[in-house]
Amino acid sequence: MGSERRTFLELLALYLFIQFSVTTANYFEPFNVTYDHRALIIDGKRRMLISAGIHYPRATPQMWPDLIAKAKEGGADVVDSYTFWNGHEPVRGQYNFEGRFDLVKFVRLVGDSGLYFLLRIGPYVCAEWNFGGFPVWLRDIPGIEFRTDNEPFKSEMQRYVTKIVDLLREEKLLSWQGGPIILLQIENEYGNMESSYGQRGKDYVKWAANMALGLRAGVPWVMCKQTDAPGEIIDTCNDYYCDGYKPNSPNKPTIWTENWDGWYTSWGGRWPHRPTEDLAFAVARFFQRGGSLMNYYMYFGGTNFGRTSGGPFYITSYDYDAPIDEYGLRSEPKWGHMKDLHAAIRLCEHALVAADSPQYIKLGPQQEAHVYWVNSSLSENQSTCSAFLANIDEHKAATVNFRGSSYSLPPWSVSILPDCRNTAFNTAKVGAQTSVKLIENALSPKRSMPELVMSKTEVSSFSESWMSVNEPIGIWSANNFTFQGMLEHLNVTKDESDYLWHMTRIYVSDEDIAFWEENQASPTIIIDSMRDVLRVFINGKLAGSVDGHWVKVVQPVQFPQGYSDLILLSQTVGLQNYGAFLEKDGAGFKGQIKLTGFKNGDIDLSKASWTYQVGLKGEVQKIFTIEENEKARWTELKPDAAPSIFTWYKAYFDAPEGTEPVALDLGSMGKGQAWVNGHHIGRYWNLVAPKDGCPQTCDYRGAYHSEKCMTNCGKPTQSWYHVPRSWLQASNNLLVIFEETGGNPFDISVKSRVSGILCAQVSESHYPPLRQWLNPDVIDGKVSIKDMGPEIHLQCEDGHIISSIEFASYGTPRGGCQNFSQGNCHSPNSLSVVSKACVGRNSCFVEVSNSGFQGDPCRRVVKTLAIQARCVSSSTVGVSQF
Ligand SMILES: *[C@@H]1O[C@H](CO)[C@@H](O)[C@H](O)[C@H]1NC(C)=O
Ligand SMILES: *[C@@H]1O[C@H](CO)[C@@H](O)[C@H](O)[C@H]1NC(C)=O
Ligand SMILES: *[C@@H]1O[C@H](CO)[C@@H](O)[C@H](O)[C@H]1NC(C)=O
Ligand SMILES: *[C@@H]1O[C@H](CO)[C@@H](O)[C@H](O)[C@H]1NC(C)=O
Ligand SMILES: *[C@@H]1O[C@H](CO)[C@@H](O)[C@H](O)[C@H]1NC(C)=O
Ligand SMILES: *[C@@H]1O[C@H](CO)[C@@H](O)[C@H](O)[C@H]1NC(C)=O
């Protein structure tokens, strides 16, 4: 016991030191950041770091403190974000660092909570963000070519990056000033594009690196997906798995800037989910094989408010299946399982940083150990040792022998042994709770697919009446202009609106009419290439709609005899954010536009005289704001009114009581945009995902890809739209909707999102909880870690408490969350033990052992404890919300 005892004391000291230094420092003493081949060296010490990706403009400043607190509670050491150039410099030379774009405030909040910051300046960021973060005005700079050895581009990029670094320095946000920033990034995933630019691409990489270093920010820089990152710039990995990644110099540490813990989706798409066990496996493998800093992309994905979402066709939600969901709630069991994983890695940190490299031991055909082991110069018994045992077999569990003991490893899993002896964590054994959104069967490697559930309470708090006003079809103001020929969409709109009207006049003769009747034909509009949405109107009537990403348009139309107005409305749904030559991608139409089928041949519309109008009348008049909405001629809408296209609607509603996040259910609408009290909620579009491609269950085993575990087949991709609480007042909130295709506003509702039900299921053979590693009895050697029972931890959202235990069985319970039933073995004390420990509390622990349940309900049977609990808001206890 003597040797173990000392090991545990050391572990405890280290753990407490780290906890203490992280939890109590509300500011930092100035410190330097350097690195060696093993890790970042922070204030002279190597560190193993967990980073949480949170993009500040995808939440509100009011949400930031809670998101940061949840990242910290979840075990993060670092918060990571891109910067968003088009948000920070909407007009060239006019900067915006306010509201959701208050970068300084966000970085300060992170520092105040004792976490470090990784700022990925870009300025190209991809991020499924409009135009990859580039301001659209950048296209208008003469001679510009993005992301290559091009003077106009380099000069603008340098100006922006310098602006940001100067800001960080002025605000004392860099580590050597006592700020939280330990790492900066220049460019982003340029390695994927570099070959498209030839030698000029290579020169650009060198220039970008030198430019960044020349700013003398005093912290290291990274370039991700950039194998030729020059000099001291660290090349880093972005992928689903980055174990085995080797930077381009033996003097650089292994850093994972983007661990894709989920994926994004587009309108009409399914929802991707990355299994929790596989995500934990990827992280554990990374640290097992020598990794030193891993960032979750995303830890919180959030919302693409307004028109910030990128393209083609990315939806307003950026939930990303991240550990914190779009609304800021923990997504379980992902959040909890990763928290346990981080704690296990933390217990190993002293060994991970002490060893220069792991010792590799082959344990079986697909089983291996990496041992981080350093002998003390004083005594062999003071050795520091942590080990990772991996079973990379995708199908079968394995039992391995390691240092004289036997360990069973589930398929596709890693066990973490902080003392090279006891298992503190296995990536495939989820002990964390499941929330109502997830249904789990812990006994099978296959997990039921999670389902999003909103509160069942529909808050029918809308004002009785809806008002409406029609948006004019076509040219509506003196702000129109006429041009001979077809202009490029973004050249005209400057992306100030999604919408660009084009109108021309077509003459149809008697001969044409006779010709069409004779041939039973009609004229057709043919456009070589179009993105994202086109609507064709003839004399004010909708004649057809097309959507797609650079698709050919073949749209039959009908004209009466005489002159007709032909209107083409081209629309963007998020500008391209990925690919080479973004400045040339543009929007609207490419190539030739013609009208075919006329008696005297085709009409070339590319050369016709077109009258242009940018945007919608209601948009330009800002009728969605509290101040301006009365300017429109609203009329009361009858409940039986037929759906109408191109219509503005407004109504007032009361906010749901409480503090839970709020969503608008726009499932009854077609396509458009929504505003609450003048805040732009985002685009909405009621497109339905394909019927197939969603498995019944998701097998976590084997390499993940974004198509692997889809849900939501046959359902609208997005019906709920987040309305941040801070944008609401208690009553009389103004909701304004612009609807393009026709919907029923009377069916719009407001809902609040709650994690109402928690479930957890842990077997007595599960490893003991990590917090028992810190139990004084263990440290004093009175109890061996192996003698201690595992436990279940339940935790409601903040401000909520467990109101009742709906199911508890210690024995052999069957079923899964919301479907548990007692098996043949059941302890009669189950409900009373669990209720006593949990009811009335925000969180509770229940030990899974015979002693915890006052006796063994059935000998020689491996017992499991299953619990289903209900959380309610602590302010409304006694009042059922459901
Ligand atoms: C950081 O490094 C610089 C340059 O080597 C040195 O002058 C400074 O004292 C260091 N700061 C701290 C806090 O160690
Ligand atoms: C630690 O010491 C033991 C016993 O002296 C030796 O067998 C082992 O190789 C050493 N390990 C390392 C990593 O130096
Ligand atoms: C180290 O520990 C082992 C067993 O735990 C013991 O037999 C041995 O005497 C110890 N050696 C020293 C130098 O303390
Ligand atoms: C279009 O612009 C012209 C010139 O400014 C103006 O005379 C005309 O009234 C405008 N059209 C509409 C529908 O406002
Ligand atoms: C957009 O306008 C610029 C001039 O401002 C012109 O050079 C460019 O060719 C235009 N793009 C397209 C696709 O027409
Ligand atoms: C509930 O579990 C039982 C078996 O315990 C199963 O037969 C039944 O289909 C399950 N029901 C649901 C809704 O999952």
Side-chain angles (χ1 to χ4, degrees), residues 21 25 27-36 40-47 92 111 116 131 134-146 150 152-153 169 172-183 213 216-220 232 470-496 499-505 527-531 537 539-540 550 565 567 569-570 572 575-576 581-593 605-607 609-621 646:
S21 59
Y27 58 91
F28 298 97
E29 290 296 326
F31 62 100
N32 282 329
V33 182
T34 57
Y35 60 80
D36 66 6
L40 286 186
I41 299 174
I42 293 188
D43 207 10
K45 293 182 208 74
R46 282 183 188 160
R47 287 296 312 272
R92 188 164 180 266
Y116 300 128
F131 214 31
F134 284 136
V136 170
W137 53 255
L138 206 58
R139 303 166 77 247
D140 293 337
I141 289 173
I144 201 159
E145 287 173 87
F146 295 178
N150 168 275
F153 177 77
R169 211 188 326 248
K172 300 200 176 359
L173 299 176
L174 296 157
S175 75
W176 52 273
Q177 303 173 298
I181 295 179
I182 55 168
L183 214 50
L213 294 173
R216 307 204 174 282
V219 297
E232 61 206 72
N470 288 336
E471 173 65 30
I473 304 293
I475 309 305
W476 55 267
S477 90
N479 220 357
N480 72 77
F481 67 94
T482 301
F483 183 82
Q484 192 80 33
M486 187 54 76
L487 293 168
E488 197 274 332
H489 181 109
L490 288 179
N491 263 359
V492 183
T493 66
K494 309 295 181 195
D495 198 36
E496 274 158 19
Y499 305 94
L500 178 60
W501 300 98
H502 314 64
M503 189 182 85
T504 192
R505 192 149 279 196
I527 303 175
D528 285 349
S529 192
M530 184 281 305
R531 75 173 291 180
F537 299 86
N539 299 324
W550 296 128
D565 284 341
I567 291 172
L569 172 65
S570 69
T572 51
L575 304 189
Q576 191 72 17
F581 314 113
L582 273 186
E583 73 281 7
K584 297 186 180 68
D585 193 73
F589 313 130
K590 266 184 192 169
Q592 215 195 15
I593 303 183
L605 293 175
S606 311
K607 301 205 170 66
S609 171
W610 288 93
T611 301
Y612 293 84
Q613 172 88 58
V614 177
L616 306 171
K617 185 176 178 186
E619 204 180 16
V620 173
Q621 291 188 344
F646 285 76

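First listed ligand is number 1; within each ligand, the first listed atom is number 1. For clarity, every value in this text was computed on a predicted model and none was experimentally measured.
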### Task
Hey, can you tell me if F31 and F28 have their rings parallel, tilted or perpendicular (30° and 60° cut-offs)?
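F31 vs F28 ring planes: tilted.
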
### Query
Do the ring planes of F134 and F153 sit parallel (below 30°), tilted (30 to 60°) or perpendicular (above 60°)?
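Taking F153 first and then F134, their aromatic rings stand perpendicular (interplane angle over 60°).
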
Is it the case that over 12 heavy atoms from other parts of the model lie below 6.0 angstrom from the [atom1] atom of [X]?
{"X": "K590", "atom1": "NZ", "answer": "yes"}
{"X": "K607", "atom1": "NZ", "answer": "no"}
{"X": "K494", "atom1": "NZ", "answer": "yes"}

### Task
Check for a donor-acceptor pair, side chain of T504 on one end and backbone N or O of W610 on the other, with a separation under 3.5 Å.
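Judged by distance alone, no pair lies under 3.5 Å.
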
### Task
Please confirm whether the backbone N or O of G586 pairs with a side-chain atom of R139, one donor and one acceptor, at under 3.5 Å?
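Side chain of R139 to backbone of G586: no pair is present.
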
### Task
Find all atoms of ligand 5 within a distance of less than 4.0 Å from any non-hydrogen atom belonging to N491, and give their numbers and elements.
1 (C), 2 (O), 3 (C), 8 (C), 10 (C), 11 (N), 12 (C), 14 (O)

### Query
For ligand 5, which atoms have a heavy atom of E488 less than 4.0 angstrom away?
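Matching atoms, with element in brackets: 12 (C), 13 (C), 14 (O).
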
### Query
What atoms of ligand 1 come closer than 4.0 angstrom to any heavy atom of P30?
13 (C)

### Atoms in ligand 1 with a heavy atom of N32 nearer than 4.0 Å
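Ligand 1 atoms under the 4.0 Å threshold to N32: 1 (C), 2 (O), 3 (C), 8 (C), 10 (C), 11 (N), 12 (C), 14 (O).
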
### Message
Between the side chains of D585 and R531, is the shortest nitrogen-to-carboxylate-oxygen separation below 4.0 Å, so that they form an ion pair?
### Response
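Counted as a salt bridge, because a side-chain N and a carboxylate O are separated by less than 4.0 Å.
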
### Residues in contact with ligand 4, criterion: heavy atom under 4.0 Å
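Residues near ligand 4: I475, W476, S477, A478, N480.
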
